[in-house]
Structures are given as structure tokens and as C-alpha cells.
Amino acid sequence: MAERPTIYVDADACPKVIKEILYRAADRTGLNLLLVANQPLSVPPSPHIRTLRVQAGFDVADNEIVRRVVAGDLVITADIPLASEVIDKGGVALNPRGELYTPHNIRARLNMRDFMDTLRASGVQTGGPPPLSQTERMAFANALDRYLAKANKG
């Protein structure tokens, strides 16, 4: 029997409301949920929910997720380079706003990210992302449900 997939969360920047959706999903489906962060996390008691604290540092959590992920696993992240590496390993990457990263859209996302980095480096104030909307929360929950339906068939 194939091993059941794991859901990894790039947890340092993941919104609390998204983590709460993931906690409920892990308990409902029995899939393992691993939150990776460089700070202590408080999670509900569950045999399916674990945390992994990594050292502080640039991309330490991302590198740990990439090291562990296997084909079919799900990674929740807004970090586009991390999403790209997950896709390269056969994993599934979903951002907290409900956008599924795919081999077809990840290059364009990387290019836009690099362009915005260049603007910021030249002194242009680009601002951060807007707060998570109710529509985006619903889009995330729906995308997660689609993944879970496929994972539970396997």
C-alpha cells in the first residue's frame, strides 16, 4: 500500500485562519500535518498534527521542507521559490490564498517575484500583500478539499 501523503506548512508566515483550516482537515482525514517554523508554535493536541522547529536563518525552514517532501505531498506556502522546488520533486504546492502552483504557472510567478524584488531593490515601495479576504479563505478551503479528495482515493 502506498504511503499516505503528508501536508507540510511553511508556518512562519502562514495566517492563523489557514492553520486552523488545516488542523481540522488533518483530524478529519487522518493525514499527517507538519508545521515547519523557526519559532515555537502552539497547535491543538492531535495524533496527526506535529511541529518542527528549525534554526533561524534564510530559507532554513524551506530547505527542511524540500528535504522531506516526496511526490504527492502537499506544501502550503506563499514562498514561490519553495513552491517551485516542491513541484520539481513531484509535490503539490498551494498558497494560503487558494492558488495552486503548477508546472504551467510557476515560471511566470517566479518571473513576477524577481521583477518585484528588482523594483524594491531600486527603492520602489511595493507594499505587502493585502489581508486575506473571505473569498481567498474559501478558495483555499476549496483547493484543499480537492487535494484531500484525491489523496483519500489513493
Side-chain angles (χ1 to χ4, degrees), residues 1-110 112-113 127-154:
M1 183 170 115
E3 179 120 358
R4 295 189 72 199
T6 297
I7 302 171
Y8 294 93
V9 182
D10 184 6
D12 285 316
C14 188
K16 183 178 184 213
V17 66
I18 297 303
K19 290 176 191 168
E20 290 168 356
I21 291 168
L22 290 163
Y23 300 152
R24 289 190 298 272
D27 279 334
R28 186 178 74 242
T29 63
L31 290 180
N32 288 322
L33 176 66
L34 180 62
L35 295 96
V36 181
N38 60 26
Q39 58 196 351
L41 295 171
S42 176
V43 298
S46 167
H48 309 292
I49 302 169
R50 295 180 305 129
T51 63
L52 174 63
R53 186 172 177 191
V54 296
Q55 290 183 339
F58 187 70
D59 286 344
V60 175
D62 296 358
N63 292 339
E64 184 62 26
I65 291 170
V66 169
R67 188 180 73 75
R68 290 170 176 256
V69 77
V70 298
D73 286 345
L74 174 64
V75 176
I76 310 302
T77 185
D79 185 294
I80 296 168
L82 171 56
S84 180
E85 290 187 74
V86 167
I87 290 168
D88 288 347
K89 287 189 76 174
V92 178
L94 176 64
N95 101 10
R97 296 179 183 274
E99 179 185 10
L100 188 66
Y101 297 111
T102 69
H104 306 290
N105 69 18
I106 195 68
R107 296 293 159 232
R109 300 296 182 277
L110 282 167
M112 179 55 76
R113 176 195 170 276
L132 206 60
S133 72
Q134 189 61 43
T135 302
E136 289 167 326
R137 291 177 199 174
M138 186 65 73
F140 175 83
N142 290 339
L144 178 63
D145 283 345
R146 285 189 297 275
Y147 170 84
L148 294 172
K150 285 182 189 172
N152 283 328
K153 284 182 186 173

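Computed from a predicted model, the values in this text were never measured in an experiment.
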Before you tell me yes or no, could you show the steps for V36 and D10 under side chain to side chain contact (heavy atoms under 4.5 Å, CB included), namely the whole-Å CA-CA distance, both residues' side-chain angles and the distance that decides it to 0.1 Å?
CA-CA 6 Å; V36 181; D10 184 6; over 6 Å; no

Between F140 and N95, the two heavy atoms sitting closest are CD1-O, 3.4 Å

**OP:** Side-chain contact test, heavy atoms from C-beta onward, threshold under 4.5 Å: evaluate it for L35 versus K19 and give yes or no.
**Re:** yes

Closest non-hydrogen atoms of T51 and L34, given as atom of the first, atom of the second and distance, are C-CD1, 3.8 Å

Exercise. Flag the pair V43 / R50 as yes when at least one side-chain heavy-atom distance between them is below 4.5 Å, and no otherwise.
Key: no

One should read off an interatomic distance between I18 CD1 and E136 CD, to the nearest 0.5 angstrom, of 9.0 Å

Rounded to the nearest 0.5 Å, the SG atom of C14 sits from the CG atom of L41 at a distance of 10.0 Å

Between N38 and R53 the two heavy atoms that sit nearest each other are O-NE, 3.8 Å

- Determine, for E64 against R68, whether the closest basic-nitrogen to carboxylate-oxygen distance falls under 4.0 angstrom. yes

I'd like to know whether E85 forms a salt bridge (charged side-chain N to carboxylate O under 4.0 Å, His left out) with K89, so could you lay out the CA-CA distance, the side-chain angles of the two residues, the decisive distance to 0.1 Å, and finally the verdict. CA-CA 6 Å; E85 290 187 74; K89 287 189 76 174; over 6 Å; no

Heavy-atom side-chain contact between L100 and V92 under 4.5 Å
yes

In V70, V69, N32, L31, the residue satisfying side-chain contact (heavy atoms from CB on, under 4.5 Å) with T6 is N32

All heavy atoms of A139 vs all of R97, minimum pair found to be CB-O, 3.8 Å

Using side-chain heavy atoms (C-beta onward) and a distance below 4.5 Å, is I80 in contact with L82? no

_In the structure I gave you, are the side-chain heavy atoms of E20 and R24 within less than 4.5 Å of one another anywhere?_
yes

Rounded to the nearest 0.5 angstrom, the OH-CD1 distance for Y8 and I76 is 12.5 Å

Please examine the side chains of L144 and I21, heavy atoms only from C-beta on, and report whether any two atoms are closer than 4.5 Å. yes

Closest non-hydrogen atoms of Y147 and G72, given as atom of the first, atom of the second and distance, are OH-O, 2.6 Å

In this structure, OG of S84 is separated from CZ of R107 (nearest 0.5 Å) by 4.0 Å

Quiz item: Does the side chain of L22 reach to within under 4.5 Å of the side chain of I7, using non-hydrogen atoms?
Solution: yes

ask   = Salt bridge between R67 and D62, side-chain N to carboxylate O under 4.0 Å?
value = no

task: Spell out, as yes or no, whether a donor-acceptor pair under 3.5 Å connects the side chain of N105 to the backbone of T102.
output: yes

Review point. Can you find a pair of side-chain heavy atoms, one from I49 and one from P44, that are under 4.5 Å apart?
Key: yes

Smallest heavy-atom separation, Y101 atom then A78 atom, equals OH-O, 3.8 Å

In this structure, NE2 of H48 is separated from CG of D27 (nearest 0.5 Å) by 5.5 Å

